[in-house]
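Okay, structure first, notes after.
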Amino acid sequence: MQVDRQVKVGVLGATGTVGQRFISLLSTHPFFVVAALGASERSAGKPYAKAVNWKQTVPIPAAVRDIVVQPCKPEHFADCAVVFSGLDADVAGDIEAAFRAAELAVFSNAKSYRRDPHVPLIVPLVNPSHLSIVPQQKALHSPPLKKGFIVTNANCSTTGVVIPLAALEKAFGPLESCIITTMQAISGAGYPGVPSLDIFDNVVPYISGEEEKIEWETLKILGGITETDDGAKAFDMHAKHPLRISASCNRVPVVDGHTECVSVRFARRPPPSPQQVREALAAYSPDAYTLGCPSAPRHTIFVHEEPDRPQPRLDRDFQQGAGVSVGRVRQCRVFDIKFVVLSNNVCIGAATSSIINAELAIARGFIQI
């Protein structure tokens with residue numbers, strides 16, 4: 001992938017947790033340059049440094065400190081080739097639709113359009129082929145669009161687990177059943193997040209809507225795209241090989257890094273051995289890396305041999321949190337194989353995924369620069 005000039009981008013929800021992560025990651029990007037920032041009316045009109053309650057581990061990038069925050073309206077982002085949305089879901093829907101209608105390419109971290117039948121739900125290390133539905137999305141808009149579209153990334157817990165699941169299906173054919181138990185970091189709830197008296201010395205065995213997201217989103221991501229009788233494209237939701245998923249989600253007192261315990265059963269018999277699974281996971285190389293997307297990790301899945309890894313504190317920042325770590329690959333006495341996966345929920349589970357999605361859209365010509 002070669003981009004020989006700067007590409008102007010904007011960030012919506014720039015003062016929030018995900019927006020800050022976008023800005024932090026974009027500050028070192030080889031060709032994306034932050035040119036516009038959007039936030040709520042109470043932040044609009046202020047220099048970014050005075051509008052934001054900065055919570056990242058690096059200082060506010062010098063290039064954005066003095067950018068005046070604008071209301072989240074398309075006219076303030078007209079010069080941007082890409083707009084990243086870190087907006088809260090309760091306001092994202094109408095704002096992102098307005099930006100799409102204004103012929104802007106929107107890459108969203110919000111859930112508002114994940115279930116839209118014409119919007120791709122993309123984990124960039126798994127299903128970039130789903131970008132092929134973008135022309136249909138533009139054509140079906142009223143009026144039809146030339147450049148505007150929306151691409152969403154997945155829920156942070158879905159993203160972590162679907163990457164090794166995709167690697168296993170690529171190597172050994174379709175999965176039949178999957179049980180997932182999550183131990184999710186408090187940063188996944190945003191800032192200020194879970195009250196301290198609820199999470200200290202505790203595990204909260206419920207995260208509203210999270211289990212349903214994992215069970216539904218995984219099918220859209222791992223499924224393909226088919227043509228209906230009238231020639232339209234549609235997501236098949238893994239219907240050719242039905243996949244049953246049962247998820248249980250827990251909030252734990254970890255700052256960053258979602259840990260998930262996974263058991264899988266393969267449709268093909270006999271199933272692969274644990275060693276075959278380890279080798280397939282380690283060898284998995286997605287299009288995002290082979291195309292040269294600069295934010296894609298070299299090791300999509302790092303496989304640990306140690307019996308006590310991965311661990312959030314030790315492994316969440318490997319490769320700037322852009323890949324996933326898998327360990328404890330072993331036989332399952334109920335299904336076939338079980339393992340532990342760790343993903344950085346604020347990087348590959350959020351902003352990093354959207355950034356790689358935008359890189360892929362440029363590499364494949366869905367955005368002309």
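Remember, predicted model here, so these are calculated numbers, not experimental data. Just the heavy atoms: all of them, side chains too, but no hydrogens, waters or symmetry mates, feed the values below.
Ser353 contributes no side-chain N or O that, together with a main-chain N or O of Gly349, makes up a donor-acceptor pair within less than 3.5 Å. Using a distance-only test at 3.5 Å, with no hydrogens or angles considered, a donor-acceptor pair links the side chain of Arg278 to the main chain of Val329. Judged purely by atom type and a 3.5 angstrom limit, Arg328 has no side-chain atom pairing as donor or acceptor with the backbone of Arg309. Formation of a donor-acceptor pair under 3.5 Å by the Asn153 side chain with backbone atoms of Asn357 is not found in this model. Not one N or O on the side chain of Gln70 forms a donor-acceptor pair closer than 3.5 Å with the backbone of Leu37. Using modelled atom types, no side-chain atom of Asp236 and backbone atom of Gly223 make a donor-acceptor pair closer than 3.5 Å. Side chain of Tyr284 to main chain of Ala171: no donor-acceptor pair is present (N/O by atom type, distance under 3.5 Å, no hydrogens or angles). Panel note: side chain Gln311, backbone Leu342; no donor-acceptor pair is recorded below 3.5 Å. No donor-acceptor pair under 3.5 Å is formed between the side chain of Asn202 and the backbone N or O of Pro253. Under a 3.5 Å cut-off, the side chain of Glu169 and the backbone N or O of Leu175 do form a donor-acceptor pair.
Looking at heavy atoms from C-beta onward, Ile214 lies in side-chain contact with Thr182 at the 4.5 angstrom threshold. Within the 4.5 Å cutoff, no side-chain heavy atoms of Leu243 are placed close to those of Pro174. Using a 4.5 Å heavy-atom cutoff, the side chains of Phe302 and Pro310 are not in contact. The closest side-chain heavy-atom distance from Gln56 to Ile23 is not below 4.5 Å. Within the 4.5 Å cutoff, side-chain heavy atoms of His76 are placed close to those of Pro71. Looking at heavy atoms from C-beta onward, Ile337 lies out of side-chain contact with Phe335 at the 4.5 angstrom threshold. Two residues are said to be in side-chain contact when any heavy atoms from C-beta on lie closer than 4.5 Å; Val9 and Cys80 fail this criterion.
The hydrophobic cluster containing Leu222 also contains Val326, counting ILVMFWY residues as joined when their side-chain heavy atoms lie under 4.5 angstrom apart, directly or transitively. In terms of hydrophobic clustering, with Ile, Leu, Val, Met, Phe, Trp and Tyr side chains grouped at heavy-atom distances under 4.5 Å, Val119 and Val151 are assigned to different clusters. In the hydrophobic clustering of this structure, Val11 groups with Ile67; members are Ile, Leu, Val, Met, Phe, Trp, Tyr whose side-chain heavy atoms approach within less than 4.5 Å, directly or through other members. With hydrophobic clusters built from ILVMFWY side chains whose heavy atoms lie under 4.5 angstrom apart, Val277 shares a cluster with Leu165. When hydrophobic clusters are built by joining Ile, Leu, Val, Met, Phe, Trp and Tyr residues whose side-chain heavy atoms come closer than 4.5 Å, directly or via intermediates, Val82 is grouped together with Phe149.
Residues satisfying the salt bridge (Lys or Arg N to Asp or Glu O under 4.0 Å) criterion with Asp88, sequence neighbours excluded, are absent altogether. By the side chain to side chain contact (heavy atoms under 4.5 Å, CB included) test, Arg5 pairs with Ile369, sequence neighbours left out. With sequence neighbours excluded, no residue forms a salt bridge (Lys or Arg N to Asp or Glu O under 4.0 Å) with Glu211.
The line from CZ of Phe84 to CZ of Arg21 is 15.0 Å long, rounded to the nearest 0.5 Å.
Screening residues 254-269 for side chain to side chain donor-acceptor pair (under 3.5 Å) gives Glu176-Arg265, Ser187-Asp256, Arg269-Asp336 as the qualifying pairs, with residues at least two apart or on separate chains. Every pair passing side chain to side chain donor-acceptor pair (under 3.5 Å) that includes a residue from residues 22-44 is listed here, sequence neighbours excluded: His29-Glu359.
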Worked check of salt bridge (charged side-chain N to carboxylate O under 4.0 Å, His left out) between Arg364 and Asp287: CA-CA 11 Å; Arg364 293 196 163 178; Asp287 289 350; 2.7 Å; yes
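No more than 12 heavy atoms of other residues, nucleotides or ligands lie within 6.0 Å of CG in Asp229, so this atom counts as exposed by the packing criterion. Crowding of Lys8 atom NZ: a count of heavy atoms from other residues, nucleotides or ligands under 6.0 Å not exceeding 12.
The residue from Lys220, Glu217, Glu210, Arg114 that alone fulfils the side-chain hydrogen bond (donor to acceptor under 3.5 Å, both in side chains) condition with Thr158 is Glu217.
The aromatic rings of Tyr48 and Trp54 lie perpendicular to each other, with more than 60° between the two planes, well past the 30° mark.
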If you look only at distance, which donor and acceptor atoms sit under 3.5 Å apart when one is on a side chain in residues 94-108 and the other is two or more places apart or in another chain?
{"residue": "Glu96", "atom": "OE1", "partner": "Ser108", "partner atom": "OG", "Å": "3.2"}
{"residue": "Glu96", "atom": "OE2", "partner": "Ser85", "partner atom": "OG", "Å": "2.6"}
{"residue": "Glu96", "atom": "OE2", "partner": "Ser108", "partner atom": "OG", "Å": "2.6"}
{"residue": "Arg100", "atom": "NH1", "partner": "Gln137", "partner atom": "OE1", "Å": "2.9"}
{"residue": "Glu103", "atom": "OE1", "partner": "Lys146", "partner atom": "N", "Å": "3.1"}
{"residue": "Glu103", "atom": "OE1", "partner": "Lys147", "partner atom": "N", "Å": "2.6"}
{"residue": "Glu103", "atom": "OE1", "partner": "Gly148", "partner atom": "N", "Å": "2.8"}
{"residue": "Glu103", "atom": "OE2", "partner": "Lys146", "partner atom": "N", "Å": "3.0"}
{"residue": "Ser108", "atom": "OG", "partner": "Ala110", "partner atom": "N", "Å": "2.9"}

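Nearest heavy atom pair, residue Phe235 against residue Pro117, reads CE1-O, 3.3 Å.
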